[in-house]
There are 2 protein chains.
Amino acid sequence: MAYTERVWGNAGSPARANGAESEDGWQEFARSPRVKTQRYGAHDAIFYEGDPAERVYELIEGAVMLFKLLPDGRRQVVEVIGPDSLFGVVAGRHFDCNAETLTPSVVRVLDRRELEASPEFQAHVSRCLRRQIERLHDHALLLGRKSAFERVASFLIRFVPGRGINGCAGPQNEKDEEVIELAMTRQEIADYLGLTIETVSRVISDLKRRGLITIEKQDRIRITDVCGICHQTGTR
Amino acid sequence: MAYTERVWGNAGSPARANGAESEDGWQEFARSPRVKTQRYGAHDAIFYEGDPAERVYELIEGAVMLFKLLPDGRRQVVEVIGPDSLFGVVAGRHFDCNAETLTPSVVRVLDRRELEASPEFQAHVSRCLRRQIERLHDHALLLGRKSAFERVASFLIRFVPGRGINGCAGPQNEKDEEVIELAMTRQEIADYLGLTIETVSRVISDLKRRGLITIEKQDRIRITDVCGICHQTGTR
DNA sequence: CGCGCCCTTGACCAGACTCAATATTAGTGG
DNA sequence: CCACTAATATTGAGTCTGGTCAAGGGCGCG
């Protein structure tokens with residue numbers, strides 16, 4: 001299970017280096033006896049769209065995807081959640097999407113009412129939601145305006161910590177390489193990027209042909225030229 | 001300016017009928033002397049991507065769009081904001097997108113630090129953000145999986161209060177009609193729906209040809225068959 | 001009345017989808 | 001360890017939706 005450790009670790013986010021907003025209260029709350037920890041296998045459903053939203057979830061370890069379905073079966077993965085993120089926090093009384101694990105995961109399950117009644121923890125929730133919104137904005141840009149190549153390149157670069165983001169440091173070593181674990185099938189990637197499985201496959205093959213990546217396993221990819229991939233994202 | 005009144009009023013959201021979470025504290029805060037009200041004309045910039053995010057904005061009246069740009073000029077409108085919504089609430093130190101008015105607007109400008117230091121108002125922020133996330137999820141589904149027709153139909157139905165949503169009441173009168181004010185140019189609609197201006201125009205013309213809508217003015221549309229449009233959204 | 005901006009329409013093109021065949025991988029049991 | 005199977009991924013050929021480029025129309029405003 002160790003292979004999921006760094007995956008979806010929200011490489012690009014400013015994360016919790018924000019000293020101004022203390023996390024102490026949250027940590028204390030999270031350890032209270034009312035909070036239980038749940039383990040899931042890979043590809044387990046956590047909740048469904050329309051279920052009463054009485055709980056709030058925090059991912060401790062692993063990866064979870066949120067997706068929506070159209071009546072004819074089309075699926076859109078709206079978010080992929082990494083560790084230390086909340087999910088299932090909705091405005092209304094029912095979940096607006098489905099949640100399913102990608103990898104075996106550890107999830108903290110919190111009572112929604114209890115959480116909402118605790119003003120001191122709203123800060124934590126708020127910070128999580130704001131990060132989430134920024135990621136959703138990026139994703140809207142990807143879905144609305146990027147080509148298939150740009151979508152896949154943007155997807156790959158997400159897995160490389162500190163690269164492909166605003167203050168990208170550039171290559172750190174001689175070799176600008178990185179091995180990444182997608183932890184998603186081609187179908188899941190396609191549904192996340194708003195493409196078909198065939199298009200995803202073709203783009204990946206093409207990147208391979210052009211020497212930018214090599215496939216070590218179906219979902220383990222060695223990016224042999226991180227900068228090269230980055231220049232395919234459309235963002236720079 | 002009255003014509004913007006109901007537009008983008010977030011017809012489909014559960015809104016603030018939630019008695020459990022009091023709005024009193026928020027209202028009080030909003031009236032404090034530190035909070036100023038700003039007026040903008042149509043198509044005025046409010047802030048730019050990358051600007052230091054020292055303020056938080058609440059739209060009182062009008063309509064605002066948030067958009068991102070790619071270096072080559074491609075634009076994606078990531079959100080359209082209606083009255084009683086917050087915007088410019090980010091996790092990091094800089095805005096992640098641009099904000100521009102669509103119509104003449106009244107905006108409440110709040111100091112970010114002050115807001116974050118007030119636990120009693122985090123509840124308000126949190127509620128706004130959660131609604132925002134649900135709308136972004138819907139939009140990801142639209143951008144990732146819907147056809148041009150479905151996108152435009154989904155866009156149009158947003159303007160009809162109580163219709164096209166989960167608990168849709170169906171037609172209330174004999175005539176299933178509604179006149180809506182888009183308050184957006186074709187280009188803005190295209191950038192919102194991830195299409196080109198020409199495609200938007202063609203779809204609208206086609207809906208007109210099929211007798212589902214009539215154009216009263218470029219951005220005033222009479223939907224002559226709301227149910228008919230609704231069945232084009234892909235959602236049912 | 002005329003100018004400029006936005007919108008519409010048409011013809012053509014291309015990127016991504018569909019359908020179908022084949023290849024590869026992961027998993028199972030001998 | 002290998003053979004077999006089922007699931008997943010790749011590749012190819014052909015189609016189609018939506019994009020591009022270009023021309024024309026309509027509306028608002030000076």
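Naming convention: chains lettered A, B, ... in sequence-line order (proteins, then strands); numbering from 1 in each chain.
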Q.
Return a single string for nucleotides 16-22 of chain C, one symbol per nucleotide in 5' to 3' order, where B is base contact, S is sugar-phosphate-only contact and - is none, cutoff 4.0 angstrom on heavy atoms.
A. SSBB---
Q | Along DNA chain D, first and last positions that approach a heavy atom of chain A under 4.0 Å | A | D:dT8 to D:dA13
Q.
Under the rule for salt bridge (charged side-chain N to carboxylate O under 4.0 Å, His left out), what residues qualify as partners of A:Arg236, not counting sequence neighbours?
A. none
What pairs of donor and acceptor atoms, side-chain ones from residues 41-52 of chain A against any protein atom, are under 3.5 angstrom apart with sequence neighbours left out?
residue	atom	partner	partner atom	Å
A:His43	ND1	A:Glu188	OE2	3.3
A:Asp44	OD2	A:Gly41	N	2.8
A:Asp51	OD2	A:Tyr48	N	3.0

Q.
Once ring pair (Phe, Tyr, Trp, His ring centres under 6.0 Å) is applied, what residue pairs with a partner in residues 203-236 of chain B remain, sequence neighbours excluded?
A. none
Q | Residue list, side-chain contact (heavy atoms from CB on, under 4.5 Å) with A:Arg202, at least two apart or on another chain | A | A:Glu198
**Q.** Non-neighbouring partners of A:Arg75 that pass side chain to side chain donor-acceptor pair (under 3.5 Å), sequence neighbours left out
**A.** A:Asp191
Q. Residues two or more places apart in sequence or in another chain: which of them pass side chain to side chain donor-acceptor pair (under 3.5 Å) with B:Asp176?
A. B:Arg163
Q.
Just to verify, what does B:Thr224 make a side chain to side chain donor-acceptor pair (under 3.5 Å) with, not counting sequence neighbours?
A. none
Q: Tell me, please, which residues at least two apart from A:Lys217 pass side-chain contact (heavy atoms from CB on, under 4.5 Å).
A: A:Asp219, A:Arg220
Q.
Suppose we screen for salt bridge (charged side-chain N to carboxylate O under 4.0 Å, His left out). Which residues come up paired with B:Lys146, at least two apart in sequence or across chains?
A. none
Q: Describe, as an angle rounded to 10 degrees, how the axis at the first end of the helix from C:dC1-D:dG30 to C:dG30-D:dC1 is tilted relative to the axis at the last end, five pairs per end.
A: 40°
